[in-house]
S.K.: 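Sharing a structure here in structure tokens format.
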Amino acid sequence: MTTTIVHPNIENLQQFSDSFDVEKLLQSEGVLPWLLANGWDYNDEVSLIANIVDESNSVDEVWDSEEFDFKALLDESKSKLNQMFEHFYL
């Protein structure tokens, strides 16, 4: 299986335009725009994931989080997260 991570842009975030200001979201340096652009649903869980990633200093710190069980995610979701982590932590 191949997983492709897309960069956030107006086109792939347009479905969320009623939830927040897409232009402002695109200026964010956090992981939330990446999650939404890659098919994650905008909900409390994805907001928690984004906060944990944004506040962590390493990939290990994210995976070991006590706030959310990242290891319980489906393999496809873990794979997508790993690719995003490469952008944020390398």
S.K.: What pairs with Phe70 under ring pair (Phe, Tyr, Trp, His ring centres under 6.0 Å), at least two apart in sequence or on another chain?
M.R.: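 Partners of Phe70 by the ring pair (Phe, Tyr, Trp, His ring centres under 6.0 Å) criterion, ordered by chain and then number, come out as Trp63, Phe68.
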S.K.: Distance from Lys80 atom NZ to Leu35 atom CG, nearest 0.5 Å?
M.R.: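 So the NZ of Lys80 and the CG of Leu35 are separated by 10.0 Å.
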S.K.: Could you go through the side-chain contact (heavy atoms from CB on, under 4.5 Å) check for Phe85 and Val31 one step at a time?
M.R.: CA-CA 9 Å; Phe85 292 162; Val31 75; 5.7 Å; no
S.K.: On a heavy-atom basis, which atom in Pro8 and which in Ala37 lie closest, and how many Å separate them?
M.R.: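 Here Pro8 and Ala37 meet closest at CA-CB, 3.7 Å.
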S.K.: Return each pair, listed once, that meets salt bridge (Lys or Arg N to Asp or Glu O under 4.0 Å) where at least one residue sits in residues 47-66; pairs must be two or more places apart or across chains.
M.R.: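 Residue pairs passing salt bridge (Lys or Arg N to Asp or Glu O under 4.0 Å), neighbours aside: Asp64-Lys71.
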S.K.: Please give me the minimum heavy-atom distance between Lys78 and Leu73, naming the atom from each residue.
M.R.: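 So the two residues come closest at CE-O, 2.9 Å.
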S.K.: Would you give the length of the straight line joining atom OH of Tyr42 to atom CG of Leu32, rounded to the nearest 0.5 angstrom?
M.R.: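 Taking OH in Tyr42 and CG in Leu32, the distance rounds to 6.5 Å.
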S.K.: How would you list, by chain and number, every residue that makes a ring pair (Phe, Tyr, Trp, His ring centres under 6.0 Å) with Trp34, sequence neighbours excluded?
M.R.: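 With sequence neighbours excluded, Trp34 shows a ring pair (Phe, Tyr, Trp, His ring centres under 6.0 Å) to His7, His87, Phe88, given in chain and number order.
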S.K.: Looking at every non-hydrogen atom in both residues, tell me the closest pair between Gly30 and Pro33 and how far apart they are.
M.R.: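 Result for this residue pair: O-CD, 3.4 Å.
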S.K.: Hydrophobic clustering (ILVMFWY, side-chain heavy atoms < 4.5 Å, transitive) - are Leu25 and Val6 grouped together?
M.R.: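 No, Val6 and Leu25 fall in different hydrophobic clusters.
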S.K.: For atom CD of Glu23, decide whether the heavy atoms of other residues, nucleotides or ligands shown that lie under 6.0 angstrom number more than 12.
M.R.: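 12 or below, so no.
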S.K.: Run the side-chain donor-acceptor check on residues 43-51: report pairs under 3.5 Å with partners two or more places apart or on a different chain.
M.R.:
| from | atom 1 | to | atom 2 | distance (Å) |
| --- | --- | --- | --- | --- |
| Asn43 | OD1 | Glu45 | N | 3.0 |
| Asn43 | OD1 | Val46 | N | 2.8 |
| Ser47 | OG | Asn43 | O | 3.1 |
| Asn51 | ND2 | Ser47 | O | 3.4 |

S.K.: Looking at residues at least two apart in the chain, or sitting in another chain, which of them share a side chain to side chain contact (heavy atoms under 4.5 Å, CB included) with Glu11?
M.R.: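 Only Asn9 meet the side chain to side chain contact (heavy atoms under 4.5 Å, CB included) criterion with Glu11.
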